[in-house]
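Note sheet for the following structure.
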Number of protein chains: 2
Amino acid sequence: MAMNSQNGKDPVPIPTLERVTTYLRFLLDLEQSQIDTISSAEVERQTGINAAQFRKDLTHLGQFGKPGVGYNVAELQAQITRVLRMDHEQKVILVGAGNLGSALVGYPGLQEHRLSLVAVFDNNLSKIGRPLWNLEIQDTATLTEVNKVLGAQIAILAVPAPAAQKVADQLVEAGIRAILNFAPVILKLPRNVYVRNVSFLQELAVLSYQLASESLNAPLKKQEKE
Amino acid sequence: MAMNSQNGKDPVPIPTLERVTTYLRFLLDLEQSQIDTISSAEVERQTGINAAQFRKDLTHLGQFGKPGVGYNVAELQAQITRVLRMDHEQKVILVGAGNLGSALVGYPGLQEHRLSLVAVFDNNLSKIGRPLWNLEIQDTATLTEVNKVLGAQIAILAVPAPAAQKVADQLVEAGIRAILNFAPVILKLPRNVYVRNVSFLQELAVLSYQLASESLNAPLKKQEKE
DNA sequence: GAGCATTTGTTCCTTATTTCACAAATGCTT
DNA sequence: AAGCATTTGTGAAATAAGGAACAAATGCTC
């Protein structure tokens with residue numbers, strides 16, 4: 001009678017979600033390797049993610065495993081795919097056809113996850129009208145109008161920082177409900193629009209700190225236990 | 001007599017670190033805008049980050065603000081920069097000169113943060129020897145040897161998934177202590193090597209789920225306040 | 001088909017993070 | 001220079017996440 005998580009009831013914690021996407025990747029690799037069953041203990045061995053955590057994460061999505069056996073790889077992969085809505089085709093638009101934007105478009109994983117890039121925008125006149133892969137770059141100014149037809153809900157924002165907020169506002173205006181933001185800017189958006197920020201500079205800063213703090217913390221003793 | 005955090009004593013929590021890099025970005029913007037003082041309350045207003053959290057995060061790095069006044073923007077920015085070791089020049093190497101790698105190299109923010117790209121590697125014969133921006137692409141096979149001279153501690157890993165683990169091993173062999181990994185693979189590395197993973201596909205998956213769960217959670221009522 | 005070796009789902013406990021709330025500190029005003 | 005309006009830094013409370021442990025479930029062996 002436990003109806004705790006069968007249907008999308010309780011919101012899946014963000015940390016869990018982030019790991020789940022990792023599980024999906026891992027499971028796809030296992031499928032490649034013709035492995036059809038895996039236990040949480042084996043997951044821990046291969047990924048370093050705690051077995052109990054793996055199991056608990058999955059309970060947020062539903063029930064999948066068989067006691068004494070483990071998880072059917074293909075089935076679990078399909079389930080996660082379904083939960084993440086990666087089984088439907090989803091339209092994505094890109095704003096910003098610079099180096100980064102262009103690199104993202106070319107990334108093969110997009111189709112693999114049923115993410116279909118349906119339009120690319122840029123405000124650079126010399127780029128507008130040119131092809132980027134299989135799409136023609138359109139004027140950012142027409143973004144709202146164009147997406148009223150396309151109806152994409154997800155956008156990738158890869159414009160320079162100074163332009164980001166303005167474009168983000170246009171995206172919302174255009175009906176976009178989720179933004180993957182590469183600009184190093186804190187976007188101010190309505191609460192009902194989801195944002196994920198990606199900043200490789202910030203990631204490098206974290207690494208930089210970790211390196212630095214290490215030499216501060218253990219400069220005297222060379223003991224390297226645990 | 002509180003010697004709790006002046007020198008890198010307690011390890012700064014990762015969530016705090018991640019926010020700190022955001023603060024840094026924000027402070028740099030404020031400096032641009034000629035704003036020289038800011039309070040935690042104002043930070044909350046402008047970034048959405050809880051004021052108490054901002055203050056507590058900063059205490060992990062030291063003491064900065066003045067009661068009744070707030071924080072000196074330039075000073076705080078400089079402090080954070082120092083703590084993150086972004087005041088020293090730091091060498092970075094890149095492995096993988098594909099679309100993504102090329103885009104990263106061109107990113108202007110690198111120099112701004114004193115991150116100096118000193119070498120680029122790829123294993124594609126048609127790329128080796130060619131210039132990428134101001135560097136010549138070198139053979140990944142020579143990575144270990146080359147970095148013994150260069151002595152970079154930070155690497156950006158932007159190779160295809162199947163090659164990632166092998167290259168990562170080479171990086172460690174080459175003395176790299178921190179890896180920014182763009183390959184959708186869980187790297188198995190010694191505990192004393194720091195890794196940060198960046199995966200925009202996973203980020204899109206999270207957004208996809210959030211969109212989906214929303215329509216599950218509030219499909220009946222259309223009330224959408226705030 | 002009973003016993004055994006596994007392995008899950010879940011409860012309970014521990015640890016970490018966030019938020020609250022307020023005393024101490026600062027500078028401004030009169 | 002005393003009072004006042006701020007705003008910090010920080011303990012203490014609340015919330016969230018992570019991990020250990022175990023009963024229930026499964027399939028395998030004999």
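Naming convention: chains lettered A, B, ... in sequence-line order (proteins, then strands); numbering from 1 in each chain.
- Protein atom CD of A/Gln53 is 13 Å distant from nucleotide atom C1' of D/dA20, rounded to whole Å.
- Closest-nucleotide positions on DNA chain D for B/Gly68 and A/Pro13 were compared, and the one nearer the 5' end corresponds to B/Gly68.
- Looking at which nucleotide of DNA chain D each of B/Lys66 and A/Ala52 is closest to, the 5′-most match is held by B/Lys66.
- Protein atom CZ of B/Phe54 is 13 Å distant from nucleotide atom P of D/dT7, rounded to whole Å.
- For the pair A/Glu44 CD and D/dA20 C1', the interatomic distance rounds to 12 Å; values are reported in whole Å.
- Rounded to a whole Å, the CD1 atom of A/Ile14 is 16 Å from the C1' atom of D/dT15.
- Residue side chain B/Lys56 does not reach the base of D/dT10 through any donor-acceptor N/O pair under 3.5 Å, judged by distance alone.
- Considering only side-chain atoms of B/Pro15, the nucleotide from D/dA24, C/dG27, C/dT17 that sits closest is C/dT17.
- Nucleotide D/dG27 holds its C1' atom 15 Å from the CG atom of A/Asn72, rounded to whole Å.
- Between D/dA17 and A/Asn50, no contact under 4.0 Å exists linking OP1 or OP2 to a side-chain N or O.
- Rounding to whole angstrom units, CD of residue B/Glu42 and P of D/dT6 are separated by 14 Å.
- In this structure, B/Ser40 reaches the D/dT8 phosphate: one of its side-chain N or O atoms is under 4.0 Å from OP1 or OP2.
- Look at B/Glu44 and B/Arg55 and you find no salt bridge, because none of the NZ, NE, NH1 or NH2 atoms lies under 4.0 Å from a carboxylate O.
- Under the 4.0 Å criterion applied to side-chain N and carboxylate O atoms, A/Lys66 and A/Glu75 are not assigned as salt-bridge partners.
- In this structure a side-chain-to-backbone donor-acceptor pair under 3.5 Å is present from A/Thr81 to A/Gln77.
- Regarding contacts with the backbone of D/dT10, a side-chain N or O of B/Gln63 is found under 4.0 angstrom from either OP1 or OP2.
- Under the 3.5 Å distance criterion, with hydrogens and angles disregarded, no donor-acceptor pair is assigned to the side chains of A/Glu203 and A/Ser199.
- Rounded to an integer number of Å, the gap from CG of B/Leu61 to P of D/dT8 is 15 Å.
- Atom CZ of A/Arg55 is separated from atom P of D/dA24 by 16 Å (rounded to the nearest Å).
- Closest to the side chain of B/Pro67, out of C/dT8, C/dA25, D/dT26, is C/dA25.
- Among the nucleotides C/dG9, C/dT26, D/dT10, the one closest to the side chain of A/Tyr71 is C/dG9.
- The only option from A/Leu180, A/Leu187, A/Ile93 that meets the side chain to side chain contact (heavy atoms under 4.5 Å, CB included) definition with A/Leu157 turns out to be A/Leu187.
- Phosphate contact (OP1/OP2 of C/dT18, side-chain N/O of B/Arg19, threshold under 4.0 Å): present.
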